[in-house]
**Q** 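Before I ask anything, let me first share the structure, which is written out below as structure tokens.
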Amino acid sequence: MTRKALLISPEICIGCRGCQTACKEWNQLDGVKTSNAGSFENPPDLIPALYNRIRYVEVPTEAEGQRWLFVSQRCMHCGDAGCMKICPAPGALYKTPEGAVAFSKEKCIGCKLCVTACPFDVPRYDKDGKISKCHLCSDRISQGLPPACAKVCPTGAIRYGERDDLIASAKKTGHEKVYGEMDLTGLGALYAFKDAPRLYGMNENPAIPESVIFWNNILKPLSYLGLGGAVALALIHYVAFGPKKNEEVTRDE
Amino acid sequence: MSNMIRKAGPFEIVNHWALAISFFALVLSGFGFLFHLEQMNALFGSFSRMRFIHNWAGVIFMVSLFLTMFTYLPVSLRLGSDDIGWILKAGGYLSKKAVVPPQDIINTGQKLYYLVFLLTGSAISASGLGIWFIAGVKKWVLISHLVHNISFDLLVTIIPLHIYLGTLANPGTFRIMVYGTVPLEWARKRHEKWVRRMGY
Ligand code: HEM
Ligand code: SF4
Ligand code: SF4
Ligand code: SF4
């Protein structure tokens, strides 16, 4: 199956948060009481009961007083996903045929390692300590339906489709650089920014932490090598020199 | 028996078994996590249960490791010229003719092994607690994860050698972990300084 993706176009997002609500509805996520933090943004961060959040960025400008920027924050469905690399439980995080990084609460052991290896600080944990995040509506897309957030967006600021088609269409509308096209072997959430991604609070050079890559490429294989090497060394010694039998030990007089 | 000498008391024996058994459970589950070995489910039931056992076996390991300090740390720190002599002769392990300087209740190799084990064991314990209890403090969990795995690699390399030296390589040693006693003659040849100090 060809890889699917979301294309997010912040310029045409009107900050209605329909996607936030649709996501909660489809995934049956509880409402949460929040408090006014002096901004229209709400809640102030991703939480276990919120897989997709519209970030409100107020940018002061000379002419208009200020500009409003709206951008959807969620799991990016990384091609090379740090969360999947570090996860110690098989099947807790998995790739769907469409390229979504989905999860199974049954298989998750609640160790919370995934958030430390995620370049986008996405995974959150429910009251049982199990992972909670956007799964690209894996249960919908497997049936050929668009994700709830994409379906409900009134302006087309969140579109779902073939990844290649979405990139081509973003380029056609003048977005030479599509955020997420190449990073981490390509993200499954693409962004068509006109301004610098930094302005939207986006990580400009997302990368899996170096220690996690070092662990994966070197330390992991080294554990087998160390164990095997030690056993081999013992065997070789036993064959070459044999045991130290008491009769053969001489005291230093 | 009059020609036997007690090298390890009940406390030391029980503690060694606690350390060994918890370590085995930790290594098996550790490999299970590292390589997603679903075969471990036959032993642990599920990965969730394996995590529970790993963490609590870790606590036993940690307490047990701490208790070893009373038994082995003082003597391990007492290093002298006989220890240099032992190292120069490779402990007598590379030649049947080598004669090594008289040794204390544990020999130079065992002293150095203990010191490395104590350091690595402390590192894997501290970092294990880190991963377990400060989840969410990204920077420190990443450091803990790194330290946990570096110590793991070291431990799975030195422990098999320790087991080999305590069993096959030195017949008569393993009974210390079971009975705590060894024949006096055996002890005189291998731990002369200690035997003399005991008045034999
Ligand atoms: C002494 C206290 C210890 C504690 C509290 C501890 C705790 C942990 C925790 C919390 C994890 C993450 C997965 C999970 O939640 O189970 C973990 C993983 C692991 N532990 Fe331990 N552990 C300890 C000792 C050890 C020892 C002695 C070994 C092996 C000799 C070991 C080997 C591993 C390995 C290989 C992993 C998987 C790699 C990883 O995901 O980082 N641990 N440990
Ligand atoms: S919290 Fe769950 S999904 Fe995340 S790394 Fe641990 S087991 Fe995997
Ligand atoms: S954004 Fe984070 S949680 Fe989502 S796939 Fe990438 S690493 Fe995993
Ligand atoms: S794809 Fe589904 S789970 Fe992800 S943000 Fe959209 S509605 Fe929520």
Side-chain angles (χ1 to χ4, degrees), chain A residues 82 86-92 106-118 121 123-125 128-130 208-212 214-216 218-235 237-238 240-253, chain B residues 27 30-38 46-52 82 85 91-102 131-132 135-139 141-143 145-146 149-150 152-161 163-165 168-172 183 185-186 188-190 192:
Chain A
I86 204 167
C87 176
E106 299 257 292
K107 299 271 174 72
C108 172
I109 61 173
C111 70
K112 303 195 173 95
L113 277 171
C114 42
V115 70
T116 61
C118 170
D121 188 33
R124 295 292 182 267
Y125 306 95
D128 301 320
K130 309 278 181 146
I208 298 172
E210 274 168 37
S211 74
V212 175
F214 175 71
W215 162 76
N216 188 66
I218 310 285
L219 294 180
K220 261 170 75 169
L222 213 54
S223 64
Y224 271 147
L225 233 70
L227 181 69
V231 172
L233 202 69
L235 261 162
H237 180 267
Y238 194 75
F241 298 97
K244 227 188 211 182
K245 296 207 188 78
N246 215 41
E247 310 84 82
E248 296 166 2
V249 180
T250 328
R251 271 167 64 201
D252 190 8
E253 303 290 348
Chain B
V27 169
F31 272 118
F33 292 134
L34 277 182
F35 297 99
H36 288 186
L37 307 177
E38 305 210 46
S46 67
F47 268 68
S48 283
R49 191 117 73 79
M50 187 158 92
R51 175 183 188 220
F52 179 85
D82 284 342
Y93 284 108
L94 298 183
S95 156
K96 291 278 179 201
K97 289 184 214 86
V99 177
V100 298
I131 302 170
W132 192 2
V137 191
K138 251 180 147 159
K139 187 178 147 205
V141 173
L142 281 175
I143 292 173
H145 182 256
L146 194 64
N149 283 278
I150 292 172
F152 182 72
D153 287 357
L154 265 165
L155 286 173
V156 296
T157 308
I158 63 174
I159 297 286
L161 297 174
I163 295 174
Y164 170 62
L165 291 168
L168 283 181
N170 291 289
E185 263 325 289
W186 186 96
R188 211 188 288 284
K189 283 190 173 178
R190 295 162 193 255
E192 192 179 347

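All chains are named by letter (A, B, ...) in the order of the sequence lines, taking the proteins before the strands, and each is independently numbered beginning at 1. Everything numeric in this text was worked out from a predicted model, so none of it was measured.
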**Q** Specify the closest pair of heavy atoms between B:L142 and A:S211, including all atoms of both residues, with the distance to one decimal.
**A**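 Scanning both residues, the minimum pair turns out to be CD2-OG, 3.9 Å.
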**Q** Applying side chain to side chain contact (heavy atoms under 4.5 Å, CB included), run through A:C111 and B:F33 and close with a yes or a no.
**A** CA-CA 11 Å; A:C111 70; B:F33 292 134; over 6 Å; no
**Q** Closest heavy-atom contact between A:L233 and B:L161?
**A**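 Answer, listing the atom of A:L233 first, then B:L161: CD2-CD2, 4.1 Å.
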**Q** Using only atom types and a distance under 3.5 Å, with no angle test, would you say the side chain of B:K189 pairs donor to acceptor with the backbone of A:V249?
**A**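 Present.
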**Q** Identify which of B:A135, B:P183, B:S48 forms the greatest number of heavy-atom pairs closer than 4.5 Å to chain A.
**A**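 With the most close heavy-atom pairs to chain A, the winner is B:S48.
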**Q** Considering non-hydrogen atoms only, spot the tightest contact between A:V115 and B:K138 and give its length.
**A**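 What the structure gives for the nearest pair is O-CE, 3.0 Å.
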**Q** Check this for me: A:E106, atom CD, are more than 12 non-hydrogen atoms of other residues, nucleotides or ligands nearer than 6.0 Å?
**A**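 Atom CD in A:E106 is not crowded, with 12 or fewer foreign heavy atoms closer than 6.0 Å.
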**Q** Applying side chain to side chain contact (heavy atoms under 4.5 Å, CB included), run through B:H145 and A:T116 and close with a yes or a no.
**A** CA-CA 10 Å; B:H145 182 256; A:T116 61; over 6 Å; no
**Q** Working to the nearest 0.5 Å, report the span between CG of A:L222 and CG of B:N149.
**A**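 If we round to the nearest 0.5 Å, A:L222:CG and B:N149:CG are 10.5 Å apart.
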**Q** Counting N and O atoms only, with roles assigned by atom type, does the side chain of B:H36 sit under 3.5 Å from a partner on the main chain of A:G91, one being a donor and the other an acceptor?
**A**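 A pair under 3.5 Å: no.
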**Q** The criterion is salt bridge (Lys or Arg N to Asp or Glu O under 4.0 Å); which residues satisfy it with B:D153, sequence neighbours excluded?
**A**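 Testing B:D153 for salt bridge (Lys or Arg N to Asp or Glu O under 4.0 Å), a comparison that skips the adjacent residues, returns none.
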**Q** Which answer fits B:R190, side chain, backbone, both or neither, if we ask what part of it has an atom under 4.5 Å from a heavy atom of chain A?
**A**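 Side chain of B:R190 only, per the 4.5 Å heavy-atom cut-off to chain A.
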**Q** Over all heavy atoms of both residues, which pair between A:S223 and B:F152 is shortest? Give the atoms and the distance, please.
**A**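 Taking every non-hydrogen atom into account, CB-CE2, 3.8 Å.
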**Q** Checking A:E247 against chain B: side chain, backbone, both or neither under 4.5 Å from a heavy atom?
**A**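 For A:E247, the backbone is the part near chain B, not the side chain.
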**Q** Most heavy-atom pairs under 4.5 angstrom with chain B, which of A:K245, A:H237, A:E248?
**A**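 Max contact count across the listed options: A:H237.
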**Q** Can you name the residues that form a salt bridge (Lys or Arg N to Asp or Glu O under 4.0 Å) with A:R124, not counting sequence neighbours?
**A**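 Result, salt bridge (Lys or Arg N to Asp or Glu O under 4.0 Å) vs A:R124: A:D45, A:D121.
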**Q** I need the residue from B:V141, B:N170, B:I159, B:L168 with the largest number of non-hydrogen atom pairs under 4.5 Å to chain A.
**A**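 Of B:V141, B:N170, B:I159, B:L168, B:L168 has the most heavy-atom pairs under 4.5 Å with chain A.
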**Q** Using side-chain heavy atoms (C-beta onward) and a distance below 4.5 Å, is B:L34 in contact with A:L219?
**A**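 When only atoms from C-beta onward are counted, A:L219 and B:L34 do not touch, as no gap falls below 4.5 Å.
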**Q** For A:Y125, is it the side chain, the backbone, both, or neither that has a heavy atom closer than 4.5 Å to a heavy atom of chain B?
**A**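 Contact with chain B is absent: no heavy atom of A:Y125 under 4.5 Å.
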**Q** Mind telling me whether B:F31 and A:Y224 have parallel, tilted or perpendicular rings, with 30° and 60° as the class edges?
**A**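 The rings of A:Y224 and B:F31 lie parallel, inter-plane angle below 30°.
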**Q** Nearest heavy-atom pair of B:P160 and A:V231: which atoms, and what distance?
**A**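 Closest approach of B:P160 to A:V231: CB-CG2, 4.3 Å.
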**Q** Does the cation-pi check pass for A:K244 over B:Y93, that is, NZ or CZ under 6.0 Å from the six-membered ring centre and within 45° of its axis?
**A**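 Judged by the rule (NZ or CZ under 6.0 Å from the ring centre, within 45° of its axis), A:K244 counts as positioned above B:Y93.
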**Q** Determine the minimum heavy-atom distance between A:A89 and B:F47, stating which atoms define it.
**A**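 Closest approach of A:A89 to B:F47: CA-CD2, 4.0 Å.
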**Q** Identify which part of B:L155 has an atom lying under 4.5 Å from any heavy atom of chain A, answering side chain, backbone, both or neither.
**A**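 Neither part; nothing is under 4.5 Å.
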**Q** Can you tell me how far CG of B:L94 sits from CZ of A:F241, rounded to the nearest 0.5 angstrom?
**A**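 If I round to the nearest 0.5 Å, the distance is 4.5 Å.
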**Q** So what's closer than 4.5 Å to chain B heavy atoms on A:L113: side chain, backbone, both or neither?
**A**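 Contact with chain B involves the side chain of A:L113 alone.
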**Q** Within this structure, what is the CZ-CD1 distance for the pair B:F52 and A:I109, rounded to the nearest 0.5 Å?
**A**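 It comes to 13.0 Å.
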**Q** Give, as side chain, backbone, both or neither, the part of B:S46 having an atom under 4.5 angstrom from any heavy atom of chain A.
**A**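 Neither part.
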**Q** What part of A:C114 gets within 4.5 angstrom of chain B, counting heavy atoms only: side chain, backbone, both, or neither?
**A**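 Contact with chain B is absent: no heavy atom of A:C114 under 4.5 Å.
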**Q** If you count heavy-atom pairs under 4.5 Å with chain A, which of B:G92, B:G136, B:G172, B:A98 comes out on top?
**A**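 Winner by heavy-atom pair count: B:G92.
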